[in-house]
Amino acid sequence: MSRFPRAPRFRGLRVKSRSIKAKIFILLAVPLLALVALWGFAVTVTLGDSLRSLKATAFDSRVVRPTEALISALQNERRQSLAYLGGDLTVGREGFEAQRKRTDQARADFRRSTADGNARNASTAESGRRVDALSVRLVELDGLRRLVDGRAVDRQQAFAQFNSLIDDASGIFDGASPNDPVIAKQTWTITELERARENLSREDALLTGALAAGRFSAAEHAQFVQLVGAQRFLYQDAVRALPAADRARFDGLSAGPEFGRFRALEDTLVTRAVPDKELPVDVGSWHTASESVVASLVDLEATARAGTSERAESYAAWVILRLALAGGLGLIAVVVSTVIAFRLGRRLIGESRSMAGAVDEFAHDRLPEVTALVRRGEKVDPDHGAPVFDFTVSEVRRIYDAFLQARRAVITATVSEAAARQGLSEVFLNLARRNQVLLHRLLRLLDDMERRVDDADELADLFRLDHLATRMRRHAEGLVILSGRPSGRTWRRPVPVVDVARAAVAEIEDYTRVRVAPLPPVAVVGAAVADIIHLFAELIENATVFSPPELPVQVRGELVVHGFVLEIEDRGLGIDDDETLAGINERLAEPPEFDLFDSARLGLFVVARLAQRHGVKVTLRRSAYGGTTAIVLIPSGIITVLPDDGPAAEVVTSSLNRTQPVGDDATAG
């Protein structure tokens, strides 16, 4: 069973681990994208208002003003045409043609201005259709002039055709739709004033033709009465919507003497004029009064239009300012928000990475260093080497403080564990040393008894006890070696490797299965003899344990460039798992800390410690017979080559090849 609870698994949901950088990016991207979307929406709306304001300005300059000039020219030509058809001898041909040229110029300007691309973009679809229709209809003006010159039409027909052209031109104004409600209202008021003045102009043209003819027809008189009523109603209705200053000016104008005389003449014509009779007013009085009033009304319209234009310019300026605020300040807000989010995110990511780096450094570098210091017996400060960070994020700071506490606790626990291990090692060492002394005394006693006994059966029993005690001594030495101390047996002079191998064989239980091949004349230096014997014994015993009892274990060796190699080969099941074999070889090359819970591999720990102590290289590999071959490379520094002229090294002798130093050269425990 796992020591840690498993994370919950959700069916159909696969949880992926993402870095904090990706999560912070997602966390910051959502509000930033929302802010950018809001900024884009505000800019789009404001830009739309700006474009409409620009279109309204372009519509006014490219369409409205040329149309007003065209209407004014048509009104003047209509008046002169009706006077000409009425037989007014005062209408000179030269002045008549001059007015027609002015009308033609206004028509050409209108066509050129409205055909421009800017005018097309500024106009609505309906205004564009009306402009096109008027441009086509203006061709009719040439035919109407020919009819007027030939007197092929009467005054009513010419009046109606001129009115139709002017109505089409006035209809273009209906396409304007300012965004500002105040400007829209003022624009409507100006349009109403122009319609009222158009009715007054029609009234003037109709009466001018009648004065030229000397009388009204019944239809003309009725139409004149309708025009007077219409223009008075339109003025009355439009004036109410004028700004206070313009309304006061109109009130002053209507209360003036010129306006009074004009209204009186209108009233006279409405009430006293009789169809087909001489008119009760003369041409001079009418023209003087009408021209004065028309000029005053035109000036009033110009003043009202100037106010509307000023209002439109202010509105356009405000729209542009709003666009600048929405676009510029909004963009600045987006940029500032992005920069702040980037800096905060980078700071949080940096502090998180610093925190992760500190934990990683402690786990991979500092903790092994502390363990090494404790092994060497040096004093360790729990706070030494702790990195110092000035974290600004409170949560990261709290995590780091918790990490420092955990770090201090881990180091303290490591020191305590090392101390406990050291204490346990000392206990093992003390017990092992005591056992070594007792076993050494036991071996001496057995040796003496073997010399005194003559009975073969009793001598065999003593040999078995001697062998058993020898094995017990090796196990006691194993505890001493695990505690990091020397085994306790030393030789002053080198010992032949063949004696070392035989002594190792004598220290295992199933020694009869071991076959030691002839070995070259090589000796192990005295200081390393005890450890090499123990190392060989552990490997040979391991070979006998993990191979069938009826199969032999081969021990052979030879000199190589880098020293002496001893091969221990069994014919057992071997190690099939490459990973397990590689792990064992890694342990033999770099011995780990002894694990008290892994006593099953006690021999491997002992071999690794001994190999590390003397620079011996131990490697396991698969045997050609299916088992395992242990290859022991003893470096040149701890071996010597024996001379051919006789022994120059100590020998190891005992019953059953029991390892025991000869004479006074041996020391034990």
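All heavy atoms count here, side chains included; hydrogens, waters and symmetry mates do not. Because the structure is predicted, anything quoted here is derived from the model rather than measured.
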Residue that, paired with D142, satisfies salt bridge (charged side-chain N to carboxylate O under 4.0 Å, His left out) out of R137, R107, R100: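 Running salt bridge (charged side-chain N to carboxylate O under 4.0 Å, His left out) over R137, R107, R100 with D142 returns exactly one hit, R107.
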Drop me the distance from [X]'s [atom1] to [Y]'s [atom2], to the nearest 0.5 angstrom.
{"X": "S201", "Y": "I71", "atom1": "OG", "atom2": "CD1", "answer": "10.5 Å"}
{"X": "L200", "Y": "L227", "atom1": "CG", "atom2": "CG", "answer": "9.5 Å"}
{"X": "S81", "Y": "R145", "atom1": "OG", "atom2": "CZ", "answer": "8.0 Å"}
{"X": "R146", "Y": "L141", "atom1": "CZ", "atom2": "CG", "answer": "10.0 Å"}
{"X": "W286", "Y": "L207", "atom1": "CH2", "atom2": "CG", "answer": "5.0 Å"}
{"X": "D204", "Y": "F224", "atom1": "CG", "atom2": "CZ", "answer": "9.0 Å"}

Identify each donor-acceptor pair in which a side-chain atom of residues 273-280 lies under 3.5 Å from a protein atom, sequence neighbours left out, and give them as a table.
none

Contacts of F159 that satisfy ring pair (Phe, Tyr, Trp, His ring centres under 6.0 Å) - sequence neighbours left out: none
Which residues share a ring pair (Phe, Tyr, Trp, His ring centres under 6.0 Å) with Y235, sequence neighbours left out: F250
L70 vs L134, side-chain contact (heavy atoms from CB on, under 4.5 Å): CA-CA, chis, key distance, verdict: CA-CA 11 Å; L70 177 62; L134 179 60; 4.1 Å; yes
Does [X] come within less than 4.0 Å of [Y], counting only side-chain N to carboxylate O?
{"X": "R398", "Y": "D401", "answer": "no"}
{"X": "R65", "Y": "D109", "answer": "no"}
{"X": "E192", "Y": "R195", "answer": "yes"}

When you measure from the side chain of [X] to the backbone of [Y], do you find a donor-acceptor pair of N or O atoms at a distance under 3.5 Å?
{"X": "T268", "Y": "A264", "result": "yes"}
{"X": "R155", "Y": "L206", "result": "no"}
{"X": "S113", "Y": "F110", "result": "no"}

Indicate yes or no: at least one non-hydrogen side-chain atom of [X] is less than 4.5 angstrom from one of [Y].
{"X": "F262", "Y": "E291", "answer": "no"}
{"X": "H287", "Y": "T208", "answer": "yes"}
{"X": "L85", "Y": "D154", "answer": "no"}
{"X": "Q157", "Y": "L147", "answer": "no"}
{"X": "V281", "Y": "L211", "answer": "yes"}
{"X": "N76", "Y": "S72", "answer": "yes"}

Geometric cation-pi criterion R202 and F162, 6.0 Å radius, 45° cone: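 Cation-pi check for R202 and F162: fails.
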Evaluation steps, side-chain contact (heavy atoms from CB on, under 4.5 Å), between T288 and E258: CA-CA 9 Å; T288 300; E258 290 90 357; over 6 Å; no
Where at least one partner belongs to residues 127-152, residue pairs that pass ring-ring contact (aromatic ring centres under 6.0 Å, His included), sequence neighbours excluded: none
Verdict with reasoning, V228 to L269, per side-chain contact (heavy atoms from CB on, under 4.5 Å): CA-CA 10 Å; V228 170; L269 290 169; over 6 Å; no
Side chain to side chain contact (heavy atoms under 4.5 Å, CB included) partners of S217, counting only residues at least two apart: A219, E220
Pair Q99-R102, side-chain donor/acceptor within less than 3.5 Å: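 A donor-acceptor contact under 3.5 Å links the two side chains.
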Distance-only side-chain donor-acceptor flag, N199 / R232, under 3.5 Å: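 No - no donor-acceptor pair under 3.5 Å links their side chains.
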Salt bridge (charged side-chain N to carboxylate O under 4.0 Å, His left out) involving R261 - partner list, sequence neighbours excluded: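 Checked R261 against salt bridge (charged side-chain N to carboxylate O under 4.0 Å, His left out); zero matches.
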Evaluation steps, side-chain contact (heavy atoms from CB on, under 4.5 Å), between L297 and L253: CA-CA 9 Å; L297 293 175; L253 177 64; 3.9 Å; yes
